[in-house]
Amino acid sequence: MEQKYIRNFCIIAHIDHGKSTLADRLLERTHTISERDLKAQVLDDMDLERERGITIKSHAIRMNYKAEDGQEYIYNLVDTPGHVDFSYEVSRSLAAAEGALLVVDAAQGIEAQTISNLYLAIENDLHIIPIINKIDLPSAQVDVVKHQIIELLGCPESDIILASAKSGAGIDEILEAIIHLIPPPSGDANGKLQALIFDSVFDSYRGAISYVRIFNGSIKKNDKIRFMNTGLQFQAEETGYLKMSKVPAPELKAGEVGYLISGAKNVQDTRVGDTVTHIKDGADKPLPGYQDVKPMVFSGIYPVVTEEFETLRDALNKLTLNDSAITYEPETSKALGFGFRCGFLGLLHMEIVHERLEREYGLSIINTVPNVIFRVNLTNGETLEIDNPSDLPDPGRIVSIEEPYISSQIITPPDYIGAIMKLSQEKRGIFKTTEFIDPSRANVQFLFPLSEVIFDFYDRLKSVTRGYASFDYELDAYMESKLVKLDILLNGEPLDALSTIVHVDKSYDMGFRLCKQLKKLIPRQMFEVAIQAAIGTKIIARQTVKALRKNVTAKCYGGDISRKRKLLEKQKAGKKRMKQVGSVQIPQEAFLAVLSMDGDGS
Amino acid sequence: MQPNISHKPGLYIHIPFCEKKCGYCDFYSVTDRSSRSAFLQALNTEFTLVRKMLTPQEPFDTVYFGGGTPSLLTATEVETILKQLAENFFLSDDVEITLEANPGTIGDDTFKDFRSAGINRLSIGIQSFNDAELRFLGRIHDTAQAEQTIRSAQNAGFENFSLDLIFAQPGQTLQSWERSLKKALSFGPAHISAYNLVFEKGTPFFTLLQNKTITAQSEKSEIRFWETTRNILTEADFPPYEVSSFARASQFFSRHNVKYWTHTPYLGFGPSAHSFWNNHRWSRPRSVSAYISALNENRLPEAQTEILSAKTLEFEHIFLSLRMYRGLNLNEFERIFKTLFTEKYASEYALLRRRGWAVEENGFFKLTPKGMIICDTILQEFYRP
């Protein structure tokens with residue numbers, strides 16, 4: 001198919017604004033999928049995604065559209081993840097397209113996430129088709145939302161399409177607008193091959209499958225290829241299009257979107273953002289924008305049952321086949337035994353990995369308190385990089401500790417600047433500037449310690465700005481901070497997995513709140529449990545979980561012994577899911593107590 | 001005197017009728033008594049079918065009429081049931097035959113007739129000697145009727161009787177509970193069962209608790225109730241021999257109930273009745289109509305059946321034995337399970353003794369009062385999945 005009949009686009013929307021339903025409608029109207037086969041929200045095929053309502057990994061799908069002018073077009077819909085943890089993946093998906101459908105809920109209006117992804121799209125020179133969805137809701141405020149969109153995009157009112165993905169209203173108009181408003185791809189089909197990997201998934205039979213957008217040249221089966229950033233070489237085993245399933249095709253040409261199976265065994269080898277070219281007569285330069293994704297947040301992962309260590313190793317091994325962003329290496333904890341120190345893109349990523357390990361591999365695991373990488377300057381002139389608080393050397397050997405800062409921009413209506421300033425103070429932010437983009441939006445820039453941002457910053461920001469602020473960040477530099485190690489002791493025994501490195505000014509408050517939260521999470525047991533927070537040898541906070549004083553079922557007669565027995569067995573099984581440290585039973589969630597503490601200080 | 005404990009099997013008959021359902025009770029019963037004669041007929045069929053299936057050779061030394069409200073039966077009906085039982089099973093000469101009787105269901109002379117019919121032990125469902133509490137519990141009787149019932153039983157010649165009482169009711173004061181206990185003692189019973197009120201799932205009380213119409217006693221006050229009960233009864237020479245059971249002397253233990261706690265076989269008849277026989281446990285359906293219709297077709301209705309594994313038997317043996325204050329017989333355990341309790345459960349054994357929750361005395365491993373009050377927590381530790 002000639003490039004002028006191809007359109008590549010993505011959808012930008014806030015969670016729940018109807019992205020998936022709209023995608024379903026497009027697939028239906030282009031007969032890519034029959035109504036009967038349509039599982040709700042086809043594009044999100046992981047359980048987790050469906051529950052969380054976030055598309056975690058991007059997908060792509062090809063549709064054939066017969067336009068009103070009688071011409072047949074090829075539409076490639078490139079789906080995008082929608083969380084700040086995955087902003088790099090989003091940017092690569094956007095780079096694979098020429099246009100974007102901006103979907104805004106008629107009742108909710110424009111929200112934070114939409115703006116930050118919209119800006120990414122504009123940065124990538126995408127043409128935007130604004131759509132107001134859910135216009136048939138009783139609470140729809142079409143005029144208000146129209147006004148918001150016009151201010152944001154500066155587009156004429158007539159460009160905005162009114163739609164209801166649920167009823168199907170506006171769908172035909174969208175399909176036509178794609179032809180007229182989104183430009184066709186413009187690569188050189190006879191040039192040297194440059195294909196962008198915008199996603200990569202693992203298939204247990206085929207190995208890594210790369211989703212690619214061909215910018216220049218073409219790729220055929222059996223071509224000898226090279227990944228320009230990693231330098232790895234492979235042979236194209238199969239190429240094809242992404243429909244409801246993979247459809248092999250002999251060749252992918254400039255402008256097209258499809259998949260490539262190359263014999264790469266895992267997704268580490270086929271990194272998102274990398275450029276594929278030919279070994280012989282290849283392109284001179286890769287496509288711009290590639291980044292080596294580095295984990296920012298580290299946490300220990302331990303099996304609840306120590307015997308499951310090897311199973312956990314296998315599971316992590318398999319997970320990295322389709323998640324190139326996780327890193328892991330073995331470590332030991334005095335309290336928890338053998339486990340792994342794992343690196344994640346952010347907290348959501350960590351939670352997803354945790355859930356996948358439990359759900360897909362049937363493991364019961366403990367995540368320890370997440371932290372960043374600290375740089376410790378020692379008296380002997382050496383510098384250590386530490387990704388685990390337990391590894392912090394003796395204070396006598398430490399000259400100073402540095403922690404990573406991020407530079408962030410928060411885009412917000414000016415009304416919330418005060419609230420954001422207050423939050424930033426609490427999070428040790430360093431104010432840089434405020435720029436007004438227009439009277440209704442300001443861009444407030446801060447430096448923050450990354451360790452403050454990984455906890456509950458994003459949630460807090462959303463709550464103080466009622467969801468209006470969008471937040472984006474990149475790693476800035478390491479800076480010296482007055483940091484101390486905060487230890488938690490249970491019945492006098494330090495529990496290394498609960499140690500954290502915190503700013504000295506926050507250590508007392510943190511110690512107090514952590515003890516309080518642990519008291520809530522640790523159930524009463526046969527003995528009293530003393531929870532203490534300490535800095536060095538100094539105890540700074542204490543709480544007590546009182547011993548269970550009465551637990552006895554009065555009745556055990558009438559001959560129904562099975563029921564009583566099963567009750568005891570069930571209670572014991574509940575305990576089994578807890579980690580026994582010394583004589584204390586600790587539930588999994590207690591190890592992440594620091595994350596579930598009440599947001600504001602005492 | 002020897003404790004009233006035997007290893008001969010027992011028989012249980014469930015009479016599934018009540019005049020009124022009490023809000024706390026989760027035993028199976030219905031208030032519609034129209035199927036009474038069909039039920040009695042089905043019961044006899046069940047005796048025959050079970051006898052044919054199991055052909056037990058050993059004598060049974062307990063018969064226990066539980067419910068429901070067995071005292072709704074006439075003495076003639078009780079006599080017939082006992083006669084039918086004796087036609088199917090060997091009853092030992094010293095068989096203990098208990099009838100659960102509720103005040104408000106028995107006329108003054110009926111006890112004499114029950115006695116002539118063969119009943120030699122009564123368990124009387126008093127629950128409280130406080131009228132407000134009785135109304136709250138949903139009982140059909142008042143204090144005066146409770147007292148009258150006990151006197152009638154005594155007049156009929158029953159000395160071996162037990163009184164059932166319930167403590168830690170919502171709103172109940174400790175003083176009121178002490179009065180009920182002392183009142184109960186004043187009648188000179190042989191046995192007292194004092195139950196901590198439990199909010200069982202599926203009962204009206206459970207729902208009331210969930211929607212906060214009623215409030216349970218705090219843990220602290222439940223402990224006070226519990227300790228007061230123990231102290232008052234022990235001082236009155238009624239030491240506890242099981243979590244909720246107290247007897248004037250060990251010869252007045254409930255011989256039938258003790259079978260549940262010593263892994264002694266028993267056969268249960270009637271809807272919802274449970275049996276333990278030859279390492280099997282089974283139960284009948286909780287439905288009078290399902291029960292009757294199956295037996296009318298000469299079929300034994302089963303709700304659940306379970307064959308106990310060696311592991312399960314061992315766990316049951318431990319947790320049941322330890323609910324009795326006499327505890328677990330270490331030699332007997334070794335004989336049955338071919339392993340030393342003190343070795344296999346060495347860490348639990350050591351920990352419980354160190355904490356003062358258990359002691360070993362004369363070959364028995366037993367919980368102390370301090371251990372008994374948290375026995376559910378302790379007992380689950382012996383479960384090895």
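Just so it is clear, the model here is predicted, and its values are computed rather than measured. Labels below follow one simple rule: chain letters A, B, ... track the order of the sequence lines, proteins then strands, and each chain is numbered from 1.
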Just so I understand: if I count every heavy-atom pair under 4.5 Å between each of A:Met526, A:Lys550, A:Gln571 and chain B, which residue has the most?
A:Lys550
Would you list the atom pairs, donor with acceptor, under 3.5 Å between side chains in residues 303-317 of chain A and any protein atom, with sequence neighbours excluded?
from: A:Glu310; atom 1: OE1; to: A:Arg313; atom 2: NE; distance (Å): 3.4

Non-hydrogen atoms of chain A under 4.5 Å away: do they reach the side chain of B:Gln304, the backbone, both or neither?
neither
Measure the spacing between NZ of B:Lys259 and OG1 of B:Thr262 and express it to the nearest 0.5 Å.
7.0 Å
If one checks every heavy atom of B:Ser283 against chain A at 4.5 Å, the contacting part turns out to be neither
With a 4.5 angstrom heavy-atom cut-off, is it the side chain or the backbone of B:Leu197 that approaches chain A, or both, or neither?
neither
When you measure from the centre of the six-membered ring of B:Tyr291, is the NZ or CZ of B:Arg284 under 6.0 Å away and within 45° of the axis?
no
Given a strict heavy-atom distance threshold of 4.5 Å, which part of A:Lys566 is in contact with chain B: side chain, backbone, both, or neither?
side chain
Under 6.0 Å between the ring centres of B:His14 and B:Tyr64?
no
Those residues that, when tested against B:Tyr383, pass ring-ring contact (aromatic ring centres under 6.0 Å, His included) (two or more places apart)
B:Phe315
With chain A, the option among B:Lys220, B:Glu381, B:Gln380 that has the most non-hydrogen atom pairs under 4.5 Å is B:Gln380
Contact class of B:Glu222 relative to chain A, heavy atoms under 4.5 angstrom:
both
Would you sort out whether B:Arg121 and B:Glu100 count as a salt bridge (charged side-chain N to carboxylate O under 4.0 Å, His left out), showing the intermediate values?
CA-CA 9 Å; B:Arg121 185 176 180 273; B:Glu100 284 182 347; over 6 Å; no
Contact leader toward chain B among A:Arg524, A:Gln525, A:Lys570, where contacts are heavy-atom pairs under 4.5 Å:
A:Arg524
